[in-house]
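Structure first, commentary second.
Lettering follows sequence order; numbering is per chain, from 1.
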There are 2 protein chains.
Amino acid sequence: MGIERRPLREQIREELLLRLDRGDFAAGTDINEAALAAELGVSRTPLREALITLAGEGVLESNQGRGFRFAPVSRKEFRELCEIVAALETLALRLSDPAYLRRVAPELLALARGFPDAVAERQVIERHDDEWHDLLLSGCPNERLLDLITSVKAGMRRYTHLLAGDDAPLERAAAEHCRIAEHLAEGDLPAAAEALRDNWVNGMERMLSRIPAP
Amino acid sequence: MGIERRPLREQIREELLLRLDRGDFAAGTDINEAALAAELGVSRTPLREALITLAGEGVLESNQGRGFRFAPVSRKEFRELCEIVAALETLALRLSDPAYLRRVAPELLALARGFPDAVAERQVIERHDDEWHDLLLSGCPNERLLDLITSVKAGMRRYTHLLAGDDAPLERAAAEHCRIAEHLAEGDLPAAAEALRDNWVNGMERMLSRIPAP
DNA sequence: ACTAAGAATTCTGCATACAAAATATTACAT
DNA sequence: ATGTAATATTTTGTATGCAGAATTCTTAGT
């Protein structure tokens, strides 16, 4: 039975991202290292290591002498992140083997169709969406690109909890996922890539109004 | 007189990248934290923080229990990185204001033309190339994208020293830069973006043969 | 001489300690 | 009451300490 043998900093990073999804931290909030470390039951050292990693991913900001804080959210930044992820994911799709994509298309379609039925809590649905995109890109041979996408998406997690309580956006996303899967089933990769970009642009539009004005 | 007031971890990170450019570290080499910290005249704490940052950028790898090491180089990874940066830079160019680009085109052209004349050492030339690309993208309003490009390029620094002693690739790069600048001067942004992608693809080809086989 | 077990050493990962910077509080003058 | 200077407190940034894992060295046995 494999006991947990991973660096504390990684576990801490994931725990913080999870709490971020839950909306535990307001954007712009300062982090008190000692208090947070005590709450997590670890020392400041691995906590700081996790904070530095998250700062590198854009989740946190750091200012000399005054520590870390959750980076403030803004429509501008969210738009920027969507532009980036859209470009990276379409690149990943274009680099994938068309035959492989056609093979996983049915599974992608099934997942997308079973999407709104799942009456799970929002947090589970978010994870579900991530897994769908992961499967979509699982055939991309560019490993560095996949890592980078994961990292950039971590920077977007500050925004996910803003969708709380509204299912409409998720249903529309599911419909778009179906469209993408159908294009893949037909072997029309360019159309799928275009639909994927639309998915990000639309998702961005749906979110923008929920982001508080600066 | 503003004295140096930045976190040690950032200064350490830059120093390590500089030494990497000089070819001080062989790919795959394990890092001895205590020895390196002593050499740099700092304690292990900020050094480790810098190492964690570099690991996040792909410069280093970390394995539980056996610390950090410089990630091994490979043709596959270099190709992957080039694909990524090419996509990101062309995106940045497409997002830029065409009027601004036309305005800086002359400066870009002049810099590119003065390129091979500079008989400076290779390391300076590399930095020169970086600055040219920075200027090219300086009109991109997507700040997150610019940060991301910088970060991904840090991950490519493990490869730059492999160009040591050969000016031919740099001269060809200069010619390509001229081409890009000329397209911008004409206001033909799509052509410039295409030339920029070619620049990365060609640069990749030039480099590939120099990367030792795995 | 080669292998394997085990001891000794080295090194990492995490915790704690300390100094300096930033922030909060108090005292006082206006 | 308000602003300000002096002081106390908090908090970060860096250094040091320590336990355990990984590695190297030693040596006994074949």
Atom CD of B/Glu61 and atom P of C/dT12 are separated, to the nearest Å, by 16 Å
In whole angstroms, the gap separating C1' of D/dG20 from CG of A/Leu8 amounts to 14 Å
Side-chain contact check for A/Arg66: nearest option of D/dT23, D/dT12, C/dT23 is C/dT23
Here the distance between atom C1' of C/dT10 and atom CG of B/Asp30, to the nearest Å, is 13 Å
Do the side chains of B/Asp30 and B/Arg69 get close enough for a salt bridge, i.e. N-O under 4.0 angstrom? no
To the nearest angstrom, the CG-P distance between B/Asn63 and D/dT23 comes to 10 Å
When rounded to whole Å, the CG to P distance for the pair B/Leu47 and D/dG13 reads 17 Å
Residue pair B/Ser62/A/Gly65 against DNA chain C: nearer the 5' end by closest nucleotide is B/Ser62
Under 4.0 Å, counting only non-hydrogen atoms across every strand here, what does A/Ile12 touch: a base, just sugar-phosphate, or nothing? nothing
Can you give me every donor-acceptor pair (side chain of residues 205-214 of chain A, partner residue at least two apart or in another chain, under 3.5 Å) with its distance?
{"residue": "A/Arg206", "atom": "NH2", "partner": "A/Glu176", "partner atom": "OE1", "Å": "3.0"}
{"residue": "A/Arg206", "atom": "NH2", "partner": "A/Glu176", "partner atom": "OE2", "Å": "2.4"}
{"residue": "A/Arg210", "atom": "NH2", "partner": "A/Asp166", "partner atom": "OD2", "Å": "2.6"}

From CZ of B/Arg6 across to C1' of D/dT12 the rounded distance in Å is 18 Å
Check your understanding: So, A/Arg144 and B/Glu83, do they make that salt bridge, N to O below 4.0 Å?
Key -> no
Listed pairs, N/O of protein and of nucleotides 16-18 of chain C, under 3.5 Å:
{"residue": "C/dT16", "atom": "O4", "partner": "A/Thr45", "partner atom": "OG1", "Å": "3.2"}

* Please determine if A/Arg13 and A/Glu57 form a salt bridge, counting it only when a charged side-chain N lies under 4.0 Å from a carboxylate O. => yes
Quiz item: Heavy atoms under 4.0 Å, any strand shown: does B/Ile52 hit a base, just sugar-phosphate, or nothing?
Solution: nothing
Testing C/dC14, C/dG13, D/dA15 for proximity to the side chain of B/Val42, the answer is D/dA15
*Would you mind checking if B/Arg158 and B/Glu77 are paired as a salt bridge, meaning a charged N to carboxylate O distance below 4.0 Å?*
yes
5'-most contact on DNA chain C (nearest-nucleotide basis), A/Pro46 vs B/Glu33, goes to B/Glu33
Rounded to whole Å, the CD-P distance (B/Gln64 to C/dC14) equals 6 Å
Whole-Å distance, A/Arg69 CZ to D/dT11 P, equals 17 Å
Contacts of A/Glu131 meeting salt bridge (charged side-chain N to carboxylate O under 4.0 Å, His left out) (sequence neighbours excluded), chain-then-number -> none
Do the charged groups of A/Glu14 and A/Arg6 touch, with an N to O distance under 4.0 Å? yes
